[in-house]
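All values below were derived from every heavy atom in this structure, side-chain atoms included, with hydrogens, water molecules and symmetry-related copies excluded. If you read the sequence from its start, that first residue is 1, and numbering goes on from there.
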Amino acid sequence: MRASTSIVALATVASYAAAQTTSIASAATAALSLLSPNCQATILQLATNSSAAQCLHVDLLAGLVTSNGSLIPGVDNYLSTICSSAPCTNETLTNTTQTVLQACSSDLTNFGITNQTLEYAMELYPLAREVLCLKTSDPYTSANATMPMSANSTMSSNSTSSYNTTNGTFCATSLLTEFSSYLGTDLTTSYVTSVALGGNATALQTIESIPLSALCNECVFAALDLVEEELPFIGNISVMNTTLNGFLDGQCNSTNLTVSTNGTLPTNVTISAVNSTFTYNITAGNVTYAPNSTVLPAVAQAASSNSSALLAAATSLTSGNATSSLASAATSIVAGNSTAMKRRWIGEQ
Ligand SMILES: *[C@@H]1O[C@H](CO)[C@@H](O)[C@H](O)[C@H]1NC(C)=O
Ligand SMILES: *[C@@H]1O[C@H](CO)[C@@H](O)[C@H](O)[C@H]1NC(C)=O
Ligand SMILES: *[C@@H]1O[C@H](CO)[C@@H](O)[C@H](O)[C@H]1NC(C)=O
Ligand SMILES: *[C@@H]1O[C@H](CO)[C@@H](O)[C@H](O)[C@H]1NC(C)=O
Ligand SMILES: *[C@@H]1O[C@H](CO)[C@@H](O)[C@H](O)[C@H]1NC(C)=O
Ligand SMILES: *[C@@H]1O[C@H](CO)[C@@H](O)[C@H](O)[C@H]1NC(C)=O
Ligand SMILES: *[C@@H]1O[C@H](CO)[C@@H](O)[C@H](O)[C@H]1NC(C)=O
Ligand SMILES: *[C@@H]1O[C@H](CO)[C@@H](O)[C@H](O)[C@H]1NC(C)=O
Ligand SMILES: *[C@@H]1O[C@H](CO)[C@@H](O)[C@H](O)[C@H]1NC(C)=O
Ligand SMILES: *[C@@H]1O[C@H](CO)[C@@H](O)[C@H](O)[C@H]1NC(C)=O
Ligand SMILES: *[C@@H]1O[C@H](CO)[C@@H](O)[C@H](O)[C@H]1NC(C)=O
Ligand SMILES: *[C@@H]1O[C@H](CO)[C@@H](O)[C@H](O)[C@H]1NC(C)=O
């Protein structure tokens with residue numbers, strides 16, 4: 001199964017990060033070393049010296065993952081930058097995609113990633129930026145939580161803060177702070193890595209015990225509103241005998257939250273991405289923002305015509321097959337069987 005292959009490969013990279021080093025720099029080196037030389041060189045060049053690196057502000061991201069403290073202030077700063085500076089142009093995105101397709105053709109085949117999958121994924125950039133730049137005037141607050149740096153002062157509007165609070169707090173900052181509070185700890189790079197690799201059973205139990213009502217959050221609904229505007233089929237994915245939208249609307253029926261699929265955001269949420277390239281209307285409060293361009297990306301056209309390939313790709317990600325591959329990958333990692341993992345990655349078995 002294609003999706004499973006990619007997940008196994010990703011888990012392999014993660015296993016290098018976990019088993020051989022705690023340093024992100026050497027984990028990145030380990031990940032790169034699994035790629036063909038030509039692909040490696042191209043990725044390095046794209047990440048360090050390209051118009052894509054500039055518009056994605058890769059330098060800030062690199063600084064973020066190498067910091068020691070909570071990731072949240074760095075994420076907030078990163079969002080301030082990408083939301084207020086020029087977005088990646090369509091030309092940069094398509095050029096980058098073609099460059100990767102050419103240099104990493106055999107690597108992508110081994111991953112089970114088709115040209116079209118990568119092209120679709122890159123087309124989701126305007127949506128991703130729009131979602132990341134959502135802001136809320138009603139951010140998460142908690143008196144008793146273990147807060148990341150400055151969060152206690154940030155979340156009250158009357159004090160100084162190291163977070164961006166111009167026209168609201170970033171939804172991502174608010175949600176990450178809430179998550180951090182449930183876990184009772186700062187979200188540092190090493191903590192997030194260890195939890196993601198299943199290395200902290202306590203944390204996994206805590207995550208499972210988070211009530212579903214935590215989903216009844218304006219920021220969560222706002223993000224979904226935008227995602228479903230471009231990819232309506234997401235709302236029809238089955239969740240517990242119903243659709244995702246039916247499930248959320250039911251879970252949250254004691255609030256006024258319902259999933260809109262026309263870009264109408266919940267009361268306290270606004271947009272902040274400058275020069276947005278998202279191609280749909282967005283309504284925040286009583287203002288409707290029209291898109292700067294209405295040329296729909298191919299992925300949106302495929303979604304609106306209910307392309308079975310797109311649906312199958314999305315479904316396979318949530319299928320039991322992918323999950324069990326992940327579990328078996330994790331088991332191999334725990335058993336230290338990284339040679340076998342590497343062989344699977346490079347397609348020898
Ligand atoms: C805060 O974020 C907004 C976007 O919401 C941006 O326009 C502004 O420049 C940012 N302010 C700072 C100080 O980074
Ligand atoms: C695409 O990227 C390559 C390598 O960075 C560059 O040489 C080329 O001019 C770019 N093409 C366009 C159309 O931007
Ligand atoms: C994928 O893209 C590469 C680079 O443009 C090309 O050489 C290759 O033929 C494409 N594969 C398919 C199946 O279209
Ligand atoms: C805050 O403390 C109260 C009472 O001690 C507890 O019930 C609640 O779960 C705590 N909230 C969080 C987010 O940990
Ligand atoms: C905010 O958190 C810092 C660090 O935990 C603490 O020193 C400070 O007293 C807190 N401020 C308030 C107002 O709670
Ligand atoms: C900030 O606002 C809170 C209530 O929102 C209030 O309790 C607190 O005294 C205020 N602090 C300052 C320094 O004004
Ligand atoms: C804040 O919101 C106001 C009103 O919507 C808008 O005019 C202003 O440009 C926004 N500021 C930033 C930095 O986005
Ligand atoms: C595991 O997670 C718990 C809960 O988030 C945290 O308190 C603890 O410090 C973590 N343990 C390690 C070794 O990181
Ligand atoms: C889903 O449907 C099955 C069979 O109809 C039922 O046994 C189960 O309880 C339902 N689950 C939920 C979460 O409603
Ligand atoms: C919300 O849904 C639950 C389960 O379907 C139902 O029992 C409850 O009455 C509903 N509450 C409201 C306010 O509609
Ligand atoms: C839900 O909406 C009604 C009418 O618009 C309003 O009176 C009520 O306060 C809202 N409830 C919540 C929890 O926002
Ligand atoms: C982006 O550029 C490509 C190639 O020039 C073009 O086919 C496509 O329609 C453009 N997409 C958007 C959303 O403008």
Side-chain angles (χ1 to χ4, degrees), residues 1-3 6 55 83 87-98 100-101 108 112-134 171 215 218-250 252 257-266 269-284 287-319 322:
M1 223 183 181
R2 287 174 179 277
S6 336
C55 62
C83 299
C88 297
T89 62
N90 181 30
E91 191 189 13
T92 293
L93 294 170
T94 51
N95 194 359
T96 304
T97 308
Q98 288 312 316
V100 172
L101 287 180
L108 290 169
I113 298 174
T114 64
N115 285 9
Q116 179 144 82
T117 303
L118 188 68
E119 282 161 4
Y120 281 167
M122 297 290 278
E123 284 183 344
L124 296 177
Y125 164 84
L127 169 64
R129 179 168 180 265
E130 202 64 50
V131 167
L132 288 172
C133 296
L134 288 171
C171 270
L215 292 170
E218 289 196 339
C219 282
V220 171
F221 276 68
L224 209 55
D225 287 346
L226 298 185
V227 168
E228 291 191 19
E229 206 176 6
E230 178 158 356
L231 308 170
F233 71 89
I234 302 258
N236 292 326
I237 290 174
S238 321
V239 178
M240 311 229 195
N241 297 352
T242 173
T243 61
L244 177 62
N245 285 354
F247 174 75
L248 285 171
D249 290 345
C252 305
L257 290 168
T258 51
V259 184
S260 99
T261 51
N262 63 3
T264 302
L265 303 178
V269 180
T270 52
I271 55 174
S272 83
V274 306
N275 295 338
S276 173
T277 52
F278 185 60
T279 44
Y280 297 85
N281 276 348
I282 300 176
T283 303
V287 183
T288 295
Y289 301 89
N292 292 316
S293 157
T294 52
V295 180
L296 293 189
V299 65
Q301 291 171 28
S304 67
S305 64
N306 275 324
S307 148
S308 54
L310 195 59
L311 252 163
T315 310
S316 73
L317 283 177
T318 52
S319 77

Return the [atom1] to [atom2] distance between [X] and [Y], rounded to the nearest 0.5 Å.
| X | Y | atom1 | atom2 | value |
| --- | --- | --- | --- | --- |
| Cys252 | Glu218 | SG | CD | 11.0 Å |
| Leu93 | Gln98 | CG | CD | 12.0 Å |
| Asn292 | Asn275 | CG | CG | 7.0 Å |
| Met122 | Thr92 | CE | OG1 | 9.5 Å |
| Leu101 | Glu119 | CG | CD | 5.5 Å |

### Query
Mind checking what makes ring pair (Phe, Tyr, Trp, His ring centres under 6.0 Å) contact with Tyr125, not counting sequence neighbours?
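So Tyr125 forms no ring pair (Phe, Tyr, Trp, His ring centres under 6.0 Å) with any residue.
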
Heavy atoms, side chains only, cut-off 4.5 Å: are [X] and [Y] in contact?
| X | Y | result |
| --- | --- | --- |
| Thr279 | Pro297 | yes |
| Leu296 | Tyr280 | yes |
| Cys133 | Ile271 | no |
| Pro266 | Phe221 | yes |

#### Entry: Ile282 and its side-chain contact (heavy atoms from CB on, under 4.5 Å) partner, picked from Leu265, Thr270, Thr288, Asn262
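Exactly one candidate clears the test, Leu265.
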
Table please: side-chain donor-acceptor pairs of residues 224-236 below 3.5 Å, with sequence neighbours left out.
| from | atom 1 | to | atom 2 | distance (Å) |
| --- | --- | --- | --- | --- |
| Asp225 | OD1 | Ser260 | N | 2.8 |
| Glu228 | OE1 | Asn245 | ND2 | 2.7 |

Mind listing the closest non-hydrogen atom pair of [X] and [Y] along with its distance?
| X | Y | result |
| --- | --- | --- |
| Asn281 | Ala290 | OD1-CA, 3.4 Å |
| Val269 | Cys171 | CG1-SG, 4.3 Å |
| Asp249 | Thr258 | OD1-CA, 3.3 Å |

### Query
Judged by atom type as modelled, is there a donor-acceptor pair below 3.5 Å linking the side chain of Ser304 to the main-chain atoms of Gln301?
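Pair found, side chain donor or acceptor close to backbone of Gln301.
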
### Task
Answer with yes or no whether the side chains of Thr117 and Thr114 bring together a donor and an acceptor at under 3.5 Å.
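Looking only at side-chain atoms, Thr117 and Thr114 do form a donor-acceptor pair, the distance falling under 3.5 Å.
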
